Chemist: 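My questions will all concern the structure given below.
Computed from a predicted model, the values in this text were never measured in an experiment.
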Amino acid sequence: MSGHSKWHNIQGRKNAQDAKRGKIFQKLSRDLYTAAKAGGVDPDGNPGLRLVMEKAKAANMPKDNVQRALDKASGAGGANYQELTYEGYGPAGIAVLVEALTDNTNRTASNIRTAFKHSGGELGTSGSVSFQFERKGYIEISRDEDAPEVDEDQLFEDMLEAGADDMKTYDDQFEIYTDPKAFPEVRDALEAKGYKLVNDEVTMIADNPMEVPADKAESLAKLVDELENDDDVSAVYTTAE
């Protein structure tokens, strides 16, 4: 029994690691597509794409995954991909915003609608929840004991000088917020000063995050997981605190 338990624990950790890696690749695929769509699929002439490709390489993202993202942006193979946003409410009335990239809108809409039903949520109409979110540049700097020590006051000065809007301080991390247009300059300026960025992206931030009741937390987590595991889904945002 102990042998089975040990195997089960190892398998559980592996599954969690695989899921985390899958979400990282999902985000990188979205960023590759966005950068390539905006500036072309040639990294030599597209600095934004070159930066994302470097991140993909550092994350050991398979070359096939990278190429698929670039093919979607260029329309290679005759596929016509559309960027769509779906909106709805999950358990406890938590607003959920889903960004998708698809070549089959009927398939994607059906899968997303089914995911909401599985959790007791409901897919809404365009504009039903998007007003609760704001697009912002987001930068995360770790305060873990293994991370380089960061002087909070100095970081605050540096991020303002770089053009950021706000900074929030937590026990384990600093979170910096910027206007989406200023994001690249802020990110580059902080990296140039030697800060190690754990996460940096343009994302959707909830204006008024809501606490999730304990009896609804698992259902909401299952909804987000089901949505994120869909190949057509590129990002999921919620108003959960």
Side-chain angles (χ1 to χ4, degrees), residues 13-14 16-35 38-39 43 46-61 66 94 97 99 132-212 217 220-221 224-225 228 234-241:
R13 287 195 296 272
K14 181 181 183 301
Q17 290 167 354
D18 288 346
K20 183 177 181 180
R21 184 161 51 246
K23 290 177 182 179
I24 291 171
F25 291 167
Q26 182 185 56
K27 176 186 178 301
L28 286 168
S29 292
R30 181 190 73 212
D31 291 347
L32 285 165
Y33 172 86
T34 302
N46 185 343
L49 176 61
R50 187 164 62 247
L51 177 64
V52 182
M53 291 183 74
E54 289 172 358
K55 289 184 177 181
K57 183 178 181 180
N60 294 317
M61 185 176 183
V66 174
I94 297 295
L97 198 63
E99 292 179 347
Q132 300 183 51
F133 296 85
E134 186 175 1
R135 188 169 292 279
K136 285 182 174 291
Y138 172 83
I139 296 170
E140 179 185 331
I141 297 174
S142 177
R143 299 186 75 187
D144 288 344
E145 58 183 22
D146 295 333
E149 187 173 350
V150 176
D151 182 277
E152 181 177 349
D153 292 336
Q154 186 62 54
L155 174 58
F156 186 74
E157 289 183 16
D158 289 340
M159 73 95 184
L160 287 178
E161 182 181 341
D165 296 332
D166 190 22
M167 183 176 86
K168 294 182 180 179
T169 301
Y170 299 96
D171 291 341
D172 58 348
Q173 65 191 36
F174 297 104
E175 294 183 353
I176 296 170
Y177 299 89
T178 79
D179 181 278
K181 293 180 180 178
F183 169 73
E185 289 77 14
V186 175
R187 177 197 60 211
D188 293 349
L190 292 177
E191 284 191 324
K193 286 185 177 292
Y195 293 106
K196 184 175 177 56
L197 312 186
V198 177
N199 188 17
D200 57 287
E201 61 181 331
V202 175
T203 186
M204 299 294 283
I205 304 293
D207 289 330
N208 296 294
M210 297 172 55
E211 186 174 350
V212 182
L220 179 63
V224 172
D225 283 343
E228 289 185 334
S234 53
V236 180
Y237 309 102
T238 77
T239 53
E241 189 171 51

Chemist: According to side-chain hydrogen bond (donor to acceptor under 3.5 Å, both in side chains), who are the partners of Q173, at least two apart in sequence or on a separate chain?
Modeler: E175
Chemist: Determine the minimum heavy-atom distance between V202 and R30, stating which atoms define it.
Modeler: O-NH2, 4.5 Å
Chemist: Rounded to the nearest 0.5 Å, how far apart are CD of E152 and CZ of R143?
Modeler: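 So the CD of E152 and the CZ of R143 are separated by 5.5 Å.
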Chemist: Minimum heavy-atom separation for V52 to A35, with atom names?
Modeler: CG2-CB, 4.5 Å
Chemist: Determine whether more than 12 heavy atoms belonging to other residues, nucleotides or ligands lie under 6.0 Å from atom CZ of F156.
Modeler: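 Not buried by this count: 12 neighbours or fewer within 6.0 Å.
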Chemist: Is there a side-chain contact between V150 and Y195 in this structure, where contact means two heavy atoms from C-beta onward sitting under 4.5 Å apart?
Modeler: yes
Chemist: Step through the shown structure and confirm whether more than 12 heavy atoms of other residues, nucleotides or ligands are within 6.0 Å of CG on D151.
Modeler: yes
Chemist: Applying side chain to side chain contact (heavy atoms under 4.5 Å, CB included) between I139 and each of F183, F174, Y177, report the one that passes.
Modeler: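 Of all the options given, the one that passes is F183.
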Chemist: Minimum heavy-atom separation for T178 and D165, please, with both atom names.
Modeler: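 Minimum heavy-atom separation between T178 and D165: C-OD2, 3.5 Å.
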Chemist: What pair of heavy atoms forms the shortest contact from D166 to K168, and how long is it?
Modeler: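 D166 and K168 have their closest heavy atoms at OD2-CE, 4.1 Å.
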Chemist: Donor-acceptor pair, S142 side chain versus V198 backbone, under 3.5 Å?
Modeler: no
Chemist: Identify the heavy atoms of T203 and Y237 that sit nearest to each other, and give their distance.
Modeler: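 For T203 versus Y237, the nearest heavy atoms are OG1-CE2, 2.9 Å.
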Chemist: Is there a side-chain contact between K196 and I141 (heavy atoms, below 4.5 Å)?
Modeler: no
Chemist: Can you give me the closest heavy-atom contact between E241 and P209, atom names plus distance?
Modeler: CA-CB, 3.9 Å
Chemist: Less than 4.5 Å apart, side chain to side chain, heavy atoms only: is that true for V66 and L32?
Modeler: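 In short, these two side chains touch, coming nearer than 4.5 Å.
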Chemist: Quick one: does R187's side chain have a donor or acceptor within less than 3.5 Å of a partner on D200's backbone?
Modeler: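 No; judged by distance alone, with no hydrogens or angles, the pair does not exist.
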Chemist: Any side-chain to backbone donor/acceptor pair from R50 onto P43? Under 3.5 Å, distance only.
Modeler: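 Pair found, side chain donor or acceptor close to backbone of P43.
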